[in-house]
Every structure is written in C-alpha cells, then in structure tokens.
Amino acid sequence: MAGDERAKAASTGASGLMRPPRTRLDQPKAPRRRLLPEYDPEAFGRFSERIARFLGTGRFIVWMTLIIIIWVVWNIFAPEKLRFDEYPFIFLTLMLSLQASYAAPLILLAQNRQDDRDRVTHEQDRKQNERSIADTEYLTREIAALRMGLGEVATRDWIRSELQDVVRDLEDRQVLLPAESDERDR
C-alpha cells in the first residue's frame, strides 16, 4: 500500500495534477496516425516531370488542338439533345482552366527538381575544377623544380659545347706549339 502511494505521489507534481507517464528512451515511439495520406515524393516528382515533358511537346499541342476543335464542332453541329456545352463553351473554359491549374504547379515542380539536379551537377563540376586547378598547380611546381634541378646537371648540349671549347683550345695550342719548337731547334 505504501509503495502504491509513493508511485502515485511520484506521478503527480507539486500541484497535485497527474503527469503523463514517462516514455522509455530505449525504444522507438509508436508511429502516429496521420490525417493526410502518405506518398512517395520521388515518385510524385518523376510523375510531374513526365507530365511537364509531355506538356512541352508538339504532340500535346496537336492533341489539345484536336480535342478543342472536336469539342467546338460537336457542340455547334451535333443535334441539340447530344450537345453538352452550348456556344459560350463555359464547360470547355472550365476544363481548360482546370488543366492549366494543374499543369502550372506540375511544371514548376519539375523545374525545381531540374534546378536541384543542376545545382548538384554545378557543385560537382566546381569541385572537379578545384581538383584540376590544384593538380595543375602541383605539376607546375614540379616542373619548375625539375628545371631548377636540371640547371645544376650537366646536359648533353653543355658537355658538347665544353668539349668543342677544349678541342679549339688544343687546336690553338697545336698551332702555337710547332712554331715554338722550330725556334728552339735553330
């Protein structure tokens, strides 16, 4: 009995009102009931893109024109009992307004999805460009280091020019040496 009173006292606050029971933190919450139906936003987005793609084609314009022509011709020339939309074509106007009221948001949704894809693509391109620039700068530094290193290394052309200088010096000495030896012999 005393344990029940302690539990009841613990569940009531200082004001004496009942608090809701504590939920366990080690277990997930039970899913709530939703008033609106659930849908897959990706599937709806793909559906809207297909509709927007169709609305932007010549095929749609041809079909829409044919339907309107048939509608108008039927409601003008059909027997009066079979006509469903008389001359001011109020029902046709309503149908076109309904079609436009659904088409505009679907087109905007498709454009937003395309903008998101473009944004991701541009971000990936920007990152790739940054990597390319970093690679180019690295390679430029490496080439500069190699050129500086080659400045200290004897190249084939430099050795050839040095050997040609030595050969010229020897030829000059050879020309001077026989003249000196002739003078000593006399």
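Cluster membership check: Trp71 shares its hydrophobic cluster with Phe77, using side-chain heavy-atom separations under 4.5 Å among Ile, Leu, Val, Met, Phe, Trp and Tyr. If you chain together hydrophobic residues whose side chains sit under 4.5 Å apart, Ile67 and Ile61 never meet in one group. Residues Phe84 and Leu92 share a single hydrophobic cluster, defined by chaining ILVMFWY side chains whose heavy atoms lie under 4.5 Å apart. Met95 and Val72 fall within a single hydrophobic cluster, where Ile, Leu, Val, Met, Phe, Trp and Tyr side chains are chained together by heavy-atom contacts under 4.5 Å. Taking hydrophobic clusters as Ile, Leu, Val, Met, Phe, Trp and Tyr residues chained together by side-chain heavy-atom distances below 4.5 Å, Ile70 does not share a cluster with Leu82.
Contact check for Asp40 versus Glu42: side-chain heavy atoms found under the 4.5 Å cut-off. The shortest distance between side-chain heavy atoms of Ile69 and Thr65 falls below 4.5 Å. Ile90 is not listed as a side-chain neighbour of Leu94, based on a closest heavy-atom distance of 4.5 Å or more. Residues Gln164 and Val167 fail the side-chain proximity criterion, which asks for heavy atoms closer than 4.5 Å. For the pair Phe44 and Leu109, the minimum side-chain heavy-atom distance is below 4.5 Å. Here the side chains of Val166 and Leu170 are in contact, with some heavy-atom distance below 4.5 Å.
Taking a cutoff of 4.0 Å between a charged side-chain nitrogen and a carboxylate oxygen, Arg160 and Asp157 qualify as a salt bridge. A salt bridge does not link Glu123 to Arg119: none of the charged side-chain nitrogens sits closer than 4.0 Å to a carboxylate oxygen. A salt bridge between Glu171 and Arg168 is absent, with no side-chain N of the basic residue lying under 4.0 Å from a carboxylate O of the acidic one.
Nearest heavy-atom pair, Gly45 versus Ser48, reported as atom, atom and distance to 0.1 Å: O-OG, 2.7 Å. Shortest non-hydrogen contact noted between Thr93 and Pro88 is OG1-O, 4.3 Å. Taking all atoms of both residues into account, the shortest heavy-atom contact from Ala100 to Pro105 is O-CD, 4.4 Å. Shortest non-hydrogen contact noted between Asn75 and Arg83 is O-CD, 3.2 Å.
A donor-acceptor pair under 3.5 Å is absent between the side-chain atoms of Trp74 and the main chain of Asp85, judged by distance alone.
By the neighbour-count criterion of 12 heavy atoms within 6.0 Å, atom CZ of Arg117 is densely surrounded, having more than that number from other residues, nucleotides or ligands. Within a 6.0 Å radius of CZ in Arg126, more than 12 heavy atoms belonging to other residues, nucleotides or ligands are found. The environment of OH in Tyr138 is sparse: at most 12 heavy-atom neighbours from other residues, nucleotides or ligands sit within 6.0 Å. Atom CZ of Phe60 has more than 12 heavy atoms from other residues, nucleotides or ligands within 6.0 Å.
From Ile133, atom CD1 reaches atom OG1 of Thr140 across 11.5 Å, with rounding to the nearest 0.5 Å. The structure places OG of Ser132 at 11.0 Å from CD of Glu137, a figure rounded to the nearest 0.5 Å. Leu55 CG to Met64 CE: the interatomic distance, rounded to the nearest 0.5 Å, is 8.5 Å. Between atom CD of residue Gln124 and atom NE2 of residue His122 there is a gap of 11.0 Å, rounded to the nearest 0.5 Å. Note that CG of Leu106 is 12.5 Å distant from CZ of Arg53, once rounded to the nearest 0.5 Å. Considering OG1 of Thr121 and CG of Asp116, their distance stands at 10.5 Å, rounded to 0.5 Å.
Of the N and O atoms on the side chains of Asp118 and Gln114, at least one donor lies less than 3.5 Å from an acceptor on the other residue.
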